[in-house]
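In what follows, chains are A, B, ... by sequence order, proteins preceding strands, each numbered from 1.
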Number of protein chains: 2
Amino acid sequence: MMEAKLHYHPLIRHLLSTTDISEDNVRLLLELPIVEQDVGKGHTIVAEGDRPSRCCLILEGFTCRSRVLADGARQIVAFHVPGDLPDLQSLHLKRMDHSLTTLSPARLAFIPHEALRGLLRANHDLAESLWRRTLIDAAILREWVTSIGRKLARARIAHILCELTVRTAAVEVGNDTRIALPVTQNELADALGLTIVSVNRHLQEFRREGLLELRHRTLTIYDWSKLRHIAEFDSDYLHFTRPPDAVSVLLGERR
Amino acid sequence: MMEAKLHYHPLIRHLLSTTDISEDNVRLLLELPIVEQDVGKGHTIVAEGDRPSRCCLILEGFTCRSRVLADGARQIVAFHVPGDLPDLQSLHLKRMDHSLTTLSPARLAFIPHEALRGLLRANHDLAESLWRRTLIDAAILREWVTSIGRKLARARIAHILCELTVRTAAVEVGNDTRIALPVTQNELADALGLTIVSVNRHLQEFRREGLLELRHRTLTIYDWSKLRHIAEFDSDYLHFTRPPDAVSVLLGERR
DNA sequence: CGGGGTATTGAGCGCCCTCAATCCCTGTGG
DNA sequence: CCACAGGGATTGAGGGCGCTCAATACCCCG
């Protein structure tokens with residue numbers, strides 16, 4: 001499976017950037033009996049209440065985790081980019097407490113729990129790497145709680161855009177401040193605990209200030225440093241161990 | 001170490017309620033070279049930026065994880081009750097991205113990373129149980145994001161009180177609707193993304209309605225069912241596998 | 001009998017929400 | 001080539017929840 005271009009496989013780029021995992025171990029992961037599938041936008045991969053028997057790996061496209069409240073309000077609790085294993089947790093938590101849906105057309109790969117569990121039992125390093133991945137997911141959630149709980153809408157929006165830019169840069173090969181971001185203002189609002197009206201007005205303000213532009217599913221950042229400042233964005237919480245070049249550029253000076 | 005009363009050890013009660021771990025395996029954990037320590041209220045166990053070399057187990061008392069923003073605002077991103085391993089993540093994420101402090105006088109036990117890592121490497125079941133614990137922490141964070149992002153102050157406050165009651169009931173032996181809750185209104189506000197003024201007013205309203213009382217570090221709930229309804233509280237996200245009796249009573253009918 | 005932390009109260013304001021209409025863009029089909 | 005549909009973005013007006021600021025009351029403890 002993509003032997004020649006192993007470095008360009010999203011999962012591999014991702015694991016390499018956030019863990020000390022060896023390439024051999026990654027290869028073992030990809031040799032599991034994987035089933036690939038293309039799905040459209042708005043596809044529900046697993047729903048709240050499900051008890052999945054396989055994990056999902058995102059090869060292309062974006063997905064999100066979300067919950068719906070009694071009054072119909074939706075809260076998105078995570079975005080996922082290529083290389084993410086969005087429901088790795090289902091390996092140990094039987095019942096899904098939220099839904100997983102695609103935000104764009106996506107190419108997914110499914111790994112049976114049974115096979116993955118067997119591999120992790122035999123390979124402790126790999127198990128540690130994946131455990132680490134889930135811990136980074138939790139770190140991102142802490143950052144979201146902080147952002148939603150204590151920042152104004154302007155800073156919240158700036159923050160999520162910073163995060164998505166860096167996370168995308170870690171797996172994509174390309175321009176680092178012009179990224180494909182298949183996320184509607186509605187979805188941003190649902191992730192940030194805001195309304196679409198508020199998101200829209202602040203995005204317009206950013207645009208007027210010449211800070212960034214978000215149209216046609218493409219985010220273009222003109223003043224990364226200022227955006228980062230508005231967001232109070234510090235990428236430490238993403239816990240890169242070996243950030244790819246594109247990410248290093250964005251992060252600038254490291255402490 | 002407390003051989004006779006093994007069932008009453010907080011860590012054990014906790015692990016038994018949220019995992020399928022065997023008592024033998026828990027015993028192995030407690031046979032590690034543990035150092036116990038008593039600390040006062042407001043003690044910083046580990047600070048943001050630290051690179052701890054040991055994990056902390058809470059034997060008695062409450063702690064919280066928190067972050068401080070540039071403008072001085074504080075966001076609490078987790079509460080911890082006896083039996084919790086609040087910085088288990090430091091085993092795999094070197095640098096702390098938040099601080100860990102005590103909310104009350106506490107008795108802590110410290111387990112060296114080295115020893116714990118060795119044990120987990122040899123005992124995959126135990127490693128899975130602890131991984132599961134960190135996944136439940138993440139599930140709680142998702143619930144917090146949902147609550148802070150999409151619920152009114154009244155529901156948010158009700159929700160955190162429900163959660164703390166159930167989580168405490170899982171490790172404490174005693175009355176299930178009258179719990180020791182050493183949390184100030186200020187700390188509740190910092191956890192919920194509210195101000196102390198707002199928390200205070202809603203708590204008074206609850207009190208006036210005869211729903212609950214929170215004074216002298218004690219929470220007394222008079223109408224659990226109504227509180228649960230206001231909070232839209234569904235304990236599924238806590239992922240109990242074998243809830244203790246006190247918890248079962250609170251949860252009522254299970255789906 | 002202070003003293004510090006905690007809780008309570010009041011007045012005024014502002015950020016974001018709600019509701020609802022309109023515009024824009026893109027893809028589709030006649 | 002244009003009419004049409006539909007999702008998404010934009011705009012306006014008005015209102016409310018929670019915030020800010022600030023003063024006061026409470027209560028445990030030495």
Side-chain angles (χ1 to χ4, degrees), chain A residues 40-43 62 64 69 71-76 101-105 147-161 181-208 212-219 230, chain B residues 40-43 62 69 71-76 101-105 147-161 180-208 212-219 230:
Chain A
K41 166 182 174 172
H43 172 80
F62 280 56
C64 73
L69 301 191
D71 64 359
R74 179 174 71 151
Q75 177 67 46
I76 291 177
T101 56
T102 55
L103 293 171
S104 68
S147 187
I148 298 174
R150 286 289 180 233
K151 288 181 185 169
L152 295 179
R154 180 176 162 85
R156 275 189 237 178
I157 296 168
H159 190 276
I160 195 76
L161 294 181
L181 196 64
V183 174
T184 66
Q185 297 186 7
N186 217 325
E187 285 149 1
L188 284 180
D190 283 346
L192 298 171
L194 298 169
T195 58
I196 182 176
V197 176
S198 182
V199 168
N200 180 268
R201 288 190 169 128
H202 286 287
L203 280 179
Q204 284 180 58
E205 199 175 310
F206 286 152
R207 204 178 301 154
R208 252 180 276 121
L212 58 81
E213 212 159 20
L214 176 59
R215 21 186 65 209
H216 313 308
R217 341 245 100 175
T218 302
L219 171 65
I230 292 170
Chain B
K41 166 184 172 169
H43 172 81
F62 281 56
L69 301 191
D71 65 357
R74 179 174 71 150
Q75 178 66 45
I76 291 177
T101 56
T102 56
L103 293 171
S104 68
S147 187
I148 298 174
R150 286 289 181 231
K151 287 180 186 170
L152 295 179
R154 179 176 163 85
R156 276 189 236 179
I157 297 167
H159 190 275
I160 195 74
L161 294 180
L181 195 64
V183 174
T184 66
Q185 297 186 7
N186 217 324
E187 286 149 359
L188 284 181
D190 283 346
L192 297 170
L194 297 169
T195 58
I196 181 174
V197 176
S198 181
V199 169
N200 180 270
R201 287 188 170 131
H202 286 286
L203 280 178
Q204 283 179 58
E205 198 176 311
F206 285 151
R207 204 179 299 153
R208 254 181 274 122
L212 57 80
E213 212 159 19
L214 175 58
R215 20 186 64 206
H216 313 309
R217 340 246 100 176
T218 303
L219 170 66
I230 292 171

Requested in this report: Output every pair passing salt bridge (charged side-chain N to carboxylate O under 4.0 Å, His left out) with a member in residues 198-208 of chain B, not counting sequence neighbours, ordered by first then second residue.
Outcome: R154(B)-E205(B)
**Report entry** Partners meeting side chain to side chain contact (heavy atoms under 4.5 Å, CB included) with H43(B) (sequence neighbours left out)
**Finding:** V39(B), I45(B), T102(B)
Requested in this report: Please identify each residue that fulfils side chain to side chain contact (heavy atoms under 4.5 Å, CB included) with A153(A), with sequence neighbours left out.
Outcome: L194(A), S198(A), H202(A)
Query raised in the report: Is it true that a side-chain atom of R156(B) and a backbone atom of L192(B) form a donor plus acceptor pair closer than 3.5 Å?
Result: yes
Query raised in the report: Roughly how many Å is it from CG in L214(A) to P in dG8(D), rounded to a whole number?
Result: 13 Å
Report task. Using side-chain hydrogen bond (donor to acceptor under 3.5 Å, both in side chains) as the criterion, list what pairs up with N186(B), not counting sequence neighbours. Result -> none
Report task. Work out how much the helix from dC1(C)-dG30(D) to dG30(C)-dC1(D) bends between its end axes, five pairs an end, to the nearest 10 degrees. Result -> 30°
Query raised in the report: Between dG8(D) atom C1' and L188(A) atom CG, what is the distance in whole Å?
Result: 13 Å
Query raised in the report: Got a sec, which residues hit side chain to side chain contact (heavy atoms under 4.5 Å, CB included) with L152(A), two or more places apart in sequence or on another chain?
Result: none
Requested in this report: Answer yes or no: does a side-chain N or O of Q204(A) lie under 4.0 Å from OP1 or OP2 of dA9(D)?
Outcome: no
Query raised in the report: Which residues satisfy the side-chain hydrogen bond (donor to acceptor under 3.5 Å, both in side chains) test with T184(A), sequence neighbours excluded?
Result: E187(A)
Report summary line: The correct set of residues in residues 152-161 of chain B placing a heavy atom under 4.0 Å from DNA chain D is L152(B), A153(B)
Report task. Could you list the residues that satisfy side chain to side chain contact (heavy atoms under 4.5 Å, CB included) with A158(A), not counting sequence neighbours? Result -> F206(A), L227(A), I230(A), A231(A)
Query raised in the report: Would you say R207(A) reaches dA9(D)'s phosphate, i.e. side-chain N/O to OP1/OP2 under 4.0 Å?
Result: no
Report task. Indicate whether OP1 or OP2 belonging to dG18(D) is found under 4.0 Å from a side-chain N or O atom of H202(B). Result -> yes
Query raised in the report: Got a donor-acceptor contact below 3.5 angstrom from the R150(A) side chain to the R74(B) backbone?
Result: yes
Query raised in the report: Quick check: does any side chain N or O of E213(A) sit under 3.5 Å from a backbone N or O of L219(A), one acting as donor and the other as acceptor?
Result: no
Query raised in the report: What's the CG-P distance between L103(A) and dG8(D), to the nearest Å?
Result: 11 Å
Query raised in the report: Distance check: side-chain N/O of K151(B) vs OP1/OP2 of dG18(D), anything under 4.0 Å?
Result: no
Query raised in the report: Quick one: what's the B/S/- string for nucleotides 19-30 of chain D, heavy-atom cutoff under 4.0 Å, read 5' to 3'?
Result: SSB------S--
Query - Where chain B begins and ends its contact with DNA chain C, read 5' to 3' at 4.0 Å from heavy atoms - result: dT6(C) to dA11(C)
